[in-house]
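Residue numbers start from 1 in every chain, and the chains themselves are labelled A, B, ... in the order their sequence lines are given, proteins ahead of strands.
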Number of protein chains: 2
Amino acid sequence: MAMDISAEELAVRLQDRGLRLTRPRRVILEVLRGLDTHPTAEELYFLVKQRLPHISLGTVYRTLGILEDLGLVQELTVEKRGTRYNGNPQPHYHLACRRCGRVVDLDLPLLNELNAQVAAQSGFAEVTHRLEFCGYCPACQRENGSPP
Amino acid sequence: MAMDISAEELAVRLQDRGLRLTRPRRVILEVLRGLDTHPTAEELYFLVKQRLPHISLGTVYRTLGILEDLGLVQELTVEKRGTRYNGNPQPHYHLACRRCGRVVDLDLPLLNELNAQVAAQSGFAEVTHRLEFCGYCPACQRENGSPP
DNA sequence: TTACTTGCAAATGATTTGCTCTAAA
DNA sequence: TTTAGAGCAAATCATTTGCAAGTAA
């Protein structure tokens with residue numbers, strides 16, 4: 001199943017860098033992969049805590065940093081509202097609600113040809129991009145006025 | 001000249017909201033408009049300080065927040081490296097260096113048709129987007145290894 | 001056994017806020 | 001004058017880091 005593949009992937013990629021597969025690392029990735037939301041480090045911390053009651057927030061931050069380096073999770077910076085983490089490793093774009101901060105994944109073709117275009121016109125190398133949409137989600141369009 | 005237009009714009013827009021046109025507000029906008037870089041609040045603070053030695057960092061932050069509300073400057077969040085401010089009020093995309101953090105404006109057609117497409121498929125309203133590129137700038141491609 | 005990791009707490013860095021005095025209108 | 005705004009410093013918030021104890025390999 002998907003979860004096993006993740007754990008295997010994780011073990012291999014950690015070993016490649018001389019890092020160990022520990023319980024917190026495995027559980028953090030599993031929990032994040034099991035979500036279709038995009039939690040902050042703190043939100044994820046509380047979720048993981050249900051399985052590992054002694055986990056610390058520092059470990060969550062450290063682990064997320066490693067998982068990002070390994071390409072297993074993506075960070076996304078939803079304007080001002082802090083960093084959120086995405087367990088979906090396929091590249092895709094996001095749509096965030098300006099009012100409540102909720103983030104959803106979008107199904108949109110990737111604009112990868114732009115990277116080469118930008119590299120050519122700027123002289124920058126290894127160009128990638130991030131495309132983020134924001135608007136007001138259906139719920140917030142109704143509840144306009146009341147707090148998030 | 002352009003600077004006068006900005007000051008006029010500023011006065012009008014502030015008055016519309018019952019806000020006053022003060023020396024710090026005028027100077028902060030002038031300095032930012034006069035740059036083709038994208039300074040952090042602190043960098044801008046030091047620049048403004050050359051003209052207004054008693055200015056405080058808090059005032060710079062407060063003023064930038066107001067100018068953003070007024071649509072006179074844009075905030076941009078270059079992943080992790082903090083918020084930068086852009087005095088160029090025309091919508092455009094950015095390219096940042098992963099290593100030194102430098103940001104340049106790009107001359108690329110706007111992808112505004114995507115907003116409607118995303119709104120239609122998601123039910124979100126007033127959809128806008130932000131497209132940011134990153135890569136390694138020419139200088140950092142050479143100096144690879146040494147600190148930024 | 002031998003590092004790498006963790007949990008904890010303290011440190012950091014960016015941004016915000018409270019308060020008193022100053023200065024637009 | 002009157003009241004919004006500035007300057008200053010303390011507070012806040014997210015994230016990082018140092019260190020002693022725990023645990024993969």
Residue list, side chain to side chain contact (heavy atoms under 4.5 Å, CB included) with A:I66, at least two apart or on another chain: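 Partners of A:I66 by the side chain to side chain contact (heavy atoms under 4.5 Å, CB included) criterion, ordered by chain and then number, come out as A:L14, A:L19, A:R25, A:L70.
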Under the side chain to side chain contact (heavy atoms under 4.5 Å, CB included) test, residues paired with B:E68 that sit two or more places apart: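 Here the qualifying residues are B:V73, B:E75.
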Mind calculating the distance between [atom1] ([X]) and [atom2] ([N]) to the nearest angstrom?
| X | N | atom1 | atom2 | answer |
| --- | --- | --- | --- | --- |
| A:E43 | D:dA14 | CD | P | 10 Å |
| B:Y61 | D:dG7 | OH | C1' | 16 Å |
| A:R26 | C:dC4 | CZ | C1' | 17 Å |
| B:D69 | C:dT16 | CG | P | 12 Å |
| B:L64 | D:dA6 | CG | P | 12 Å |
| B:L10 | C:dA24 | CG | P | 14 Å |
| A:Y45 | D:dT16 | OH | P | 16 Å |
| B:R84 | C:dG13 | CZ | P | 16 Å |

Protein N or O to nucleotides 5-9 of chain C N or O, pairs below 3.5 Å:
residue	atom	partner	partner atom	Å
C:dT5	OP1	A:R20	N	2.8
C:dT5	OP1	A:R25	NH1	2.8
C:dT5	O5'	A:R25	NH1	3.2
C:dT5	O5'	A:R25	NH2	3.1
C:dT6	OP1	A:T22	OG1	2.9
C:dG7	OP1	A:H54	O	3.3
C:dG7	OP2	A:S56	N	3.3
C:dG7	OP2	A:T59	OG1	2.6
C:dG7	O5'	A:H54	O	3.3
C:dG7	N7	A:R62	NH2	3.0
C:dG7	O6	A:R62	NH2	3.2

Can you list everything that forms a salt bridge (Lys or Arg N to Asp or Glu O under 4.0 Å) with [X]? Sequence neighbours excluded, please.
| X | answer |
| --- | --- |
| A:R13 | A:E9 |
| A:R62 | none |
| B:E126 | none |

B:L76-A:Y93 co-clustered via ILVMFWY side chain contacts under 4.5 Å: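 No.
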Inter-axis angle, terminal five-pair segments of the helix from C:dT1-D:dA25 to C:dA25-D:dT1 [nearest 10°]: 40°
For residues 105-124 of chain A, please give each side-chain donor-acceptor pair under 3.5 Å, one per line with the distance, not counting sequence neighbours.
residue	atom	partner	partner atom	Å
A:D105	OD1	A:H38	NE2	2.6
A:D105	OD1	A:H92	NE2	2.9
A:D105	OD1	A:H94	NE2	3.1
A:N115	OD1	A:H129	ND1	2.8
A:S122	OG	A:V118	O	2.7
A:S122	OG	A:F124	N	3.1

Test side-chain hydrogen bond (donor to acceptor under 3.5 Å, both in side chains) applied to A:R23 - qualifying residues, sequence neighbours left out: none
Side-chain N,O (B:T83) to OP1/OP2 (C:dA14) below 4.0 Å: no
A:R33 side chain to A:L72 backbone, donor-acceptor under 3.5 Å: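 Flag set: sc A:R33 to bb A:L72 pair under 3.5 Å.
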